[in-house]
Visitor: 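My questions will all concern the structure given below.
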Amino acid sequence: MNILIFGPNGSGKGTQGAIIQDKFNIAHIESGAIFRQNIGGGTELGKKAKEYIDRGDLVPDDITIPMILDRLKEDDCKNGWLLDGFPRNKVQAETLAKALQDENMKLDYVIEIVLPRDIAKLRITGRRLCENDNNHPNHIAFDAIKPVEKDGELVCRVCGGKLSTRADDQDEAAIDKRHDIYYDENTGTMAAVNYFKNLGGDTKVISVDGSGSIGEVTDAILKELK
Ligand code: AMP
């Protein structure tokens with residue numbers, strides 16, 4: 001099963017992605033997480049990407065597109081993949097569609113989590129990253145994924161691992177820029193969403209309201225995924 005998942009920063013896309021990955025045993029490929037791993041590991045790719053990410057800008061397509069297309073060819077994608085954070089603009093959408101066609105890869109579902117910009121913004125500053133596993137979502141404002149306290153410190157509710165915040169989540173200018181890019185229907189991420197929604201063929205589009213609880217959003221998505 002191959003899936004694209006879209007949603008603005010703060011929509012719970014990563015949380016839902018982790019649930020879908022678990023349920024269907026498919027690879028969860030998160031472009032932002034790949035960049036953060038490279039930054040943490042001090043790689044050349046990480047060094048190139050860091051300045052863009054800190055500002056909330058997109059990392060240039062000539063770095064991002066090959067990184068993701070190569071990732072889709074790895075062994076763990078044979079059982080299917082869930083692509084999260086890519087494509088993020090129209091060029092990436094068109095390039096991905098062509099690559100899938102060339103590789104004879106089917107796109108089964110496009111999931112769109114719909115959330116107004118003001119609500120998405122409010123949600124961003126409360127998220128916490130588990131340093132052990134990117135698929136352990138934590139958020140200080142949501143009971144279902146609230147971190148737990150240990151020795152006076154908040155730790156990951158799944159594994160007890162150390163938690164951190166993302167620099168670009170605490171910087172209002174970077175949050176606004178990411179949302180400008182997401183909601184841009186001409187060349188930004190909404191252009192990519194609309195491109196895939198209008199592609200036709202066998203791809204099923206699932207649009208869900210992201211303003212409910214985590215469980216409600218999960219139920220709305222899983223009802224449509226067969
Ligand atoms: P995310 O974790 O999805 O919020 O991504 C964090 C940051 O990584 C973004 O603000 C961008 O700077 C960069 N990034 C992630 N995905 C892409 C992409 N598809 N194209 C360009 N830059 C990206």
Side-chain angles (χ1 to χ4, degrees), residues 3-18 20-21 27-41 43-72 81-100 110-113 115 117 120-131 133-139 163-184 187-193 195-196 210:
I3 308 173
L4 292 184
I5 186 162
F6 290 103
N9 289 106
S11 63
K13 181 168 53 78
T15 303
Q16 298 300 334
I20 296 167
Q21 171 202 37
H28 183 193
I29 303 170
E30 229 190 301
S31 48
I34 300 176
F35 285 129
R36 283 188 289 279
Q37 274 155 15
N38 276 276
I39 292 170
T43 68
E44 273 312 301
L45 179 85
K47 283 181 198 150
K48 283 187 198 153
K50 186 172 182 324
E51 56 171 309
Y52 299 97
I53 293 177
D54 285 347
R55 286 197 305 262
D57 281 326
L58 291 186
V59 178
D61 286 344
D62 62 341
I63 298 175
T64 308
I65 292 176
M67 176 182 92
I68 294 297
L69 296 186
D70 287 348
R71 178 68 186 82
L72 288 177
W81 40 260
L82 171 75
L83 202 42
D84 173 347
F86 185 97
R88 224 162 170 122
N89 62 27
K90 198 162 178 205
V91 173
Q92 292 182 5
E94 288 166 351
T95 313
L96 176 66
K98 176 154 191 327
L100 294 181
V110 171
I111 301 172
E112 179 193 18
I113 302 180
L115 195 66
R117 186 168 171 156
K121 186 171 174 177
L122 277 176
R123 286 185 178 180
I124 287 182
T125 48
R127 2 188 237 201
R128 297 292 178 268
L129 281 191
C130 170
E131 293 187 357
D133 190 331
N134 194 50
N135 281 297
H136 290 171
N138 287 268
H139 196 294
L163 294 177
S164 62
T165 52
R166 284 170 46 175
D168 59 344
D169 278 359
Q170 309 302 317
D171 174 342
E172 191 164 1
I175 293 172
D176 287 341
K177 201 175 286 176
R178 283 183 285 158
H179 281 158
D180 284 345
I181 295 167
Y182 187 84
Y183 291 99
D184 174 356
T187 57
T189 311
M190 278 310 296
V193 175
Y195 177 87
F196 277 100

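If you're wondering where the values come from, they're calculated on a predicted model, not measured in any experiment. Ligands are counted one by one from 1 in listed order, and the atoms in each one are counted from 1 as well.
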Visitor: For Asn138 and His136, indicate whether the former's side chain and the latter's backbone hold a donor-acceptor pair under 3.5 Å.
Guide: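 Side chain of Asn138 to backbone of His136, a donor-acceptor pair under 3.5 Å: yes, one is there.
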Visitor: Please list the nearest protein heavy atom to atom 14 (N) of ligand 1 with its residue and the distance rounded to 0.1 Å.
Guide: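 Going by distance alone, atom 14 (N) of ligand 1 is nearest to Phe35 CE1, 3.6 Å.
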Visitor: Is the shortest heavy-atom distance from the side chain of Lys13 to the side chain of Glu30 under 4.5 Å?
Guide: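 Heavy-atom side-chain distance check fails, nothing below 4.5 Å.
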Visitor: Among Val59, Ile39, Ile65, which one has a heavy atom closest to atom 22 (N) of ligand 1?
Guide: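 It is Val59 that holds the nearest heavy atom.
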Visitor: Measure from atom 2 (O) of ligand 1 to every heavy atom in Arg36, Arg178, Glu51, Gln92 and give the option owning the shortest one.
Guide: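 That would be Arg36.
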Visitor: Suppose I only count heavy atoms of Phe86 and a 4.0 Å limit; which atoms of ligand 1 are within that range?
Guide: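 Here the atoms of ligand 1 in question are 19 (N).
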Visitor: May I ask you to check if ligand 1 and Arg166 share an N or O to N or O distance below 3.5 Å?
Guide: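 Among all N and O atoms of Arg166, at least one is under 3.5 Å from an N or O of ligand 1.
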Visitor: If you round to the nearest 0.5 Å, how far is CZ of Arg71 from CH2 of Trp81?
Guide: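 Trp81 atom CH2 to Arg71 atom CZ measures 11.5 Å (nearest 0.5 Å).
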Visitor: State the CD1-CG distance between Ile5 and Asp84, to the nearest 0.5 angstrom.
Guide: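 That separation rounds to 6.0 Å.
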Visitor: Can you find a heavy atom in the side chain of Thr187 that is under 4.5 Å from one in the side chain of Asn89?
Guide: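 Answer no - side chains too far apart.
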Visitor: Kindly confirm or rule out an N or O of Ser31 lying under 3.5 angstrom from an N or O of ligand 1.
Guide: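 Yes, Ser31 has an N/O under 3.5 Å of an N/O on ligand 1.
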Visitor: Give the residue and atom name of whichever protein heavy atom lies nearest to atom 4 (O) of ligand 1, and the separation in Å to one decimal.
Guide: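 Looking only at protein heavy atoms, the one closest to atom 4 (O) of ligand 1 is Asn9 ND2, 2.7 Å.
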Visitor: Of the backbone atoms (N, CA, C, O) and the side-chain heavy atoms from C-beta on, which set of Leu58 has a member under 4.0 Å from an atom of ligand 1: side chain, backbone, both, or neither?
Guide: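 Leu58 to ligand 1: contacts from backbone and side chain alike.
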Visitor: Classify the contact between Asp57 and ligand 1 as side chain, backbone, both or neither, using a heavy-atom distance cut-off of under 4.0 Å.
Guide: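 The answer is the backbone.
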Visitor: With respect to Gly85, determine whether any N or O atom, backbone or side chain, lies less than 3.5 Å from an N or O atom of ligand 1.
Guide: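 Min N/O separation from ligand 1 is below 3.5 Å for Gly85.
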Visitor: Working to the nearest 0.5 angstrom, can you tell me the gap between Gln21 CD and Ile29 CD1?
Guide: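 Taking CD in Gln21 and CD1 in Ile29, the distance rounds to 10.0 Å.
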Visitor: Please report the C-alpha distance between Arg178 and Asp169 in whole Å, then the side-chain angles of each, then the deciding distance to 0.1 Å, and finally whether the salt bridge (Lys or Arg N to Asp or Glu O under 4.0 Å) criterion is met.
Guide: CA-CA 10 Å; Arg178 283 183 285 158; Asp169 278 359; 3.1 Å; yes
Visitor: May I ask you to identify, for Thr64, whether its side chain, its backbone, both or neither come under 4.0 Å of ligand 1 on a heavy-atom basis?
Guide: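 The answer is the side chain of Thr64.
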Visitor: To check your reading of the model: name the closest protein heavy atom to atom 9 (C) of ligand 1, its residue, and the distance in Å.
Guide: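 Checked against all protein heavy atoms, atom 9 (C) of ligand 1 sits closest to Arg88 NH2, 3.6 Å.
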Visitor: Backbone N or O of Asp176 within a donor-acceptor pair of the Arg117 side chain at under 3.5 Å?
Guide: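 Confirmed, Arg117 side chain pairs with Asp176 backbone.
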